[in-house]
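Below is one structure, written out as structure tokens; comments come after it.
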There are 2 protein chains.
Amino acid sequence: MLNSRTPSVKDVAAAAGVSLGTVSNVMNRPEVVSARTRERVERAMAELGFVRNESARQLRAGTSRTLAYVMLDGTNPFFHDVAQGIELAAEDADLSLFICNSNSRAEREEAHLDRLLQQRVQGILITPVNSEAPYLYDLTRRGVPLVIVDRRRDDESCCSVAVDDVHGGRVAIEHLVEQGHARVAFIGGPESIGQVRERLQGAREVWAELGLPADDLIFLPTDALTVAEGRSAGERLAGLPARRRPTAAFCANDLLALGLLQQGIGAGLRVPDDLAIVGFDDIEFAAAAAVPLTSVRQPRQELGRAAAQLVLDEATNPDHEHQQLFFTPELVARASSRAR
Amino acid sequence: MLNSRTPSVKDVAAAAGVSLGTVSNVMNRPEVVSARTRERVERAMAELGFVRNESARQLRAGTSRTLAYVMLDGTNPFFHDVAQGIELAAEDADLSLFICNSNSRAEREEAHLDRLLQQRVQGILITPVNSEAPYLYDLTRRGVPLVIVDRRRDDESCCSVAVDDVHGGRVAIEHLVEQGHARVAFIGGPESIGQVRERLQGAREVWAELGLPADDLIFLPTDALTVAEGRSAGERLAGLPARRRPTAAFCANDLLALGLLQQGIGAGLRVPDDLAIVGFDDIEFAAAAAVPLTSVRQPRQELGRAAAQLVLDEATNPDHEHQQLFFTPELVARASSRAR
DNA sequence: CTACGTTTGTGAAACATTTCAACCCCACGA
DNA sequence: TCGTGGGGTTGAAATGTTTCACAAACGTAG
């Protein structure tokens with residue numbers, strides 16, 4: 001109040017009648033200072049309302065206490081769950097987490113990374129717009145610990161944490177076939193997204209293995225993985241001639257599935273009787289949908305947690321080796337695909 | 001690569017054959033340095049891959065370039081939309097945004113604030129667990145710019161940005177009465193949340209003004225504002241004797257409304273014919289629900305943006321005065337409350 | 001040719017912390 | 001008594017910027 005400047009170690013030292021080195025010791029290695037002086041210093045800190053200046057600490061120590069996650073799409077709850085997992089791991093390691101959102105724009109992504117570099121964050125987790133972007137390789141060259149989340153790189157030039165999307169596609173289709181469906185739509189796109197390709201690939205693989213005619217697995221491409229695109233896919237589905245119309249749809253993510261569900265119910269379809277639906281991700285709202293949504297669950301928090309552990313290993317362990325972690329997704333069956 | 005240490009201004013200065021003060025000038029006031037040397041310095045920076053050390057900058061300059069938002073509940077998309085608004089304003093002011101999540105736990109909240117204080121952030125935006133918490137008052141006393149978002153304080157001891165919840169309650173009920181409903185449930189809780197109280201108050205006010213019997217506005221309390229609680233409220237609703245059973249429900253937020261909708265549809269109710277539903281917040285998923293949800297829209301991004309502007313004013317304008325901003329929410333009518 | 005103003009560049013101080021070699025003091029063993 | 005060891009504390013250096021008073025260079029007017 002009276003003294004506007006915020007107190008520094010020097011002020012604390014003066015107030016406690018010790019040297020400033022001792023104050024630092026109280027904070028960083030309390031065991032070397034005698035109980036009596038430690039207490040005195042702590043009292044002085046409390047009285048002055050001392051708060052350690054993190055910039056100065058970081059400048060001298062050379063190491064920051066923050067991690068960063070650059071997420072791809074803030075409107076998709078999936079990424080917030082991943083972030084939550086990272087946050088938990090960061091908390092355990094006594095680190096702060098910077099969350100940025102690129103909104104799927106490479107230019108925002110690059111701006112964020114630049115900022116983070118200036119902050120000298122300990123490590124960066126990212127779900128990139130494009131995992132091959134040159135500025136991502138620059139990071140590695142600079143020695144910044146980097147983990148790619150929910151995407152992969154073909155070469156193994158950095159750590160990554162992802163989910164076996166081919167397998168995810170397989171279990172979704174296996175489930176639908178088990179439920180008696182013989183004509184199924186795959187809804188998703190654009191194909192430039194690796195995940196979409198792989199989920200489709202898994203679907204096709206198992207469809208062929210089961211000896212079903214390729215024509216009866218209908219690919220309905222979309223322009224994005226959003227609720228609106230799901231609705232529009234639903235309209236296209238309804239437009240198909242009855243004998244071609246699938247009895248079930250497997251959507252590349254839950255947002256699409258929710259859009260499809262909404263469009264279907266609005267058009268008077270009964271789900272799952274007229275149309276069974278399976279989504280992907282198992283976001284919170286999947287279970288909360290009007291007809292609870294069957295979905296392929298990704299271990300979202302686990303994904304984040306594991307990624308954080310990898311980045312920490314890279315940051316602290318001198319003989320760290322890059323790893324490509326792979327989680328296996330599993331099907332969560334709910335009403336939207338109940339047996340016919 | 002070869003030289004592991006990341007280059008500093010000093011290295012750049014040496015490489016460009018100028019003093020380090022000049023390098024600083026190139027970054028901070030390019031107009032005072034001649035075109036020739038500026039270019040030389042810039043080339044040296046690029047060659048060395050120089051990245052300014054933000055801690056050092058901050059230490060010397062005494063001011064950080066970050067804002068922080070401590071959100072209340074990461075599982076509610078509402079807060080992410082608010083954060084998005086803040087982010088946009090921060091971007092305009094060339095600031096970074098730290099996003100923290102207290103998960104409705106005061107202890108996490110306090111830990112986050114402590115961190116942020118150490119980082120010397122320029123200002124803090126927060127949707128607090130409790131706007132009267134003593135540690136929030138401490139912040140103000142310390143002179144940290146603070147804005148309370150989506151909550152208020154009775155005294156006007158800091159800036160806040162909120163929505164007129166009483167009005168929101170009024171328009172929701174007016175709408176339902178217009179649609180011909182004469183027995184309506186208010187679903188929400190706990191009452192310790194100011195918003196819940198005020199939305200209920202608005203509902204009761206207008207109900208009385210319209211001359212409807214108080215008994216026909218039924219208060220169904222919940223333990224939280226979640227989808228699960230919405231479902232359970234739906235069960236309680238179904239348990240009411242038919243002549244007491246309301247024909248419409250006004251939920252204190254969209255998550256409750258979605259839960260209620262799910263339970264209702266599952267139990268075979270037709271929405272809106274058997275039960276009309278109005279939510280609050282108008283989150284993305286409201287429009288995407290099986291029956292698109294009528295909701296009272298809060299200007300979520302605007303809320304964040306305005307809050308950011310207030311905090312910046314407090315941080316930079318010496319004769320800043322605390323303001324309590326108030327937005328007026330508006331009803332967005334959709335299928336879940338279509339005329340009967 | 002001098003005095004002066006303007007433009008451009010310099011160098012040292014300052015910011016708040018951590019770290020580390022050095023120092024003091026005291027107890028203890030010889 | 002002296003020497004030794006060790007617990008506790010100190011003081012100064014170092015971290016990478018920014019800022020600011022000042023110096024150098026260069027025109028230009030008188």
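To find a chain, count down the sequence lines: A is the first, B the second, and so on, and within it residues start at 1.
- In summary, the side chains of R151(A) and S131(A) do not present any donor paired with an acceptor at a separation below 3.5 Å, with no hydrogens or angles considered.
- Using a 4.0 Å heavy-atom criterion, one finds that S8(A) contacts the sugar-phosphate atoms exclusively.
- Checking dA16(C), dT18(C), dG16(D) against the side-chain heavy atoms of A56(A) singles out dA16(C) as nearest.
- Between D150(A) and R300(A), none of the side-chain N atoms (NZ, or NE/NH1/NH2) sits under 4.0 Å from a carboxylate O, so this pair counts as no salt bridge.
- If you take CD of Q58(A) and P of dT18(C), they are 12 Å apart, rounded to a whole angstrom.
- Judged by distance alone, with hydrogens and angles left aside, the side-chain atoms of R57(B) form a donor-acceptor pair with the main-chain N or O of T63(B) at under 3.5 Å.
- Atom CZ of R29(B) is separated from atom C1' of dT8(C) by 13 Å (rounded to the nearest Å).
- Between R65(A) atom CZ and dT18(C) atom P there is a gap of 11 Å when expressed in whole angstrom units.
- R57(B) contributes no side-chain N or O that forms a donor-acceptor pair with the base of dT17(D) under 3.5 Å.
- D11(A) has its CG atom 13 Å from the C1' atom of dT17(C), to the nearest Å.
- Rounded to an integer number of Å, the gap from L59(B) CG to dA16(C) P is 7 Å.
- Looking only at atom types and distance, the side chain of N130(B) has no donor-acceptor partner in the side chain of E109(B) under 3.5 Å away.
- Rounded to whole angstrom, the span from the CZ atom of R60(A) across to the C1' atom of dC15(C) amounts to 15 Å.
- Residue N28(B) has its side chain nearest to dT18(D) when only dA16(C), dT17(C), dT18(D) are considered.
- Computed from coordinates, the L20(B) CG to dC20(D) P distance equals 16 Å when rounded to whole Å.
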Protein and nucleotides 7-9 of chain D: nitrogen or oxygen contacts under 3.5 angstrom:
{"residue": "dT9(D)", "atom": "OP1", "partner": "S34(A)", "partner atom": "OG", "Å": "3.4"}
{"residue": "dT9(D)", "atom": "OP1", "partner": "T37(A)", "partner atom": "OG1", "Å": "3.1"}
{"residue": "dT9(D)", "atom": "OP2", "partner": "S34(A)", "partner atom": "N", "Å": "3.1"}
{"residue": "dT9(D)", "atom": "OP2", "partner": "T37(A)", "partner atom": "OG1", "Å": "3.1"}

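- Once rounded to the nearest 0.5 Å, the distance linking OG of S96(A) with CD of Q119(B) reads 5.0 Å.
- In this structure, the side chain of Q301(B) does not engage the main chain of D81(B) through any donor-acceptor pair within 3.5 Å.
- A donor-acceptor pair under 3.5 Å is formed between the side chain of S102(A) and the backbone N or O of M71(A).
- The phosphate of dT18(D) has OP1 or OP2 within less than 4.0 Å of a side-chain N or O from R52(B).
- For the pair N53(B) CG and dA16(C) P, the interatomic distance rounds to 16 Å; values are reported in whole Å.
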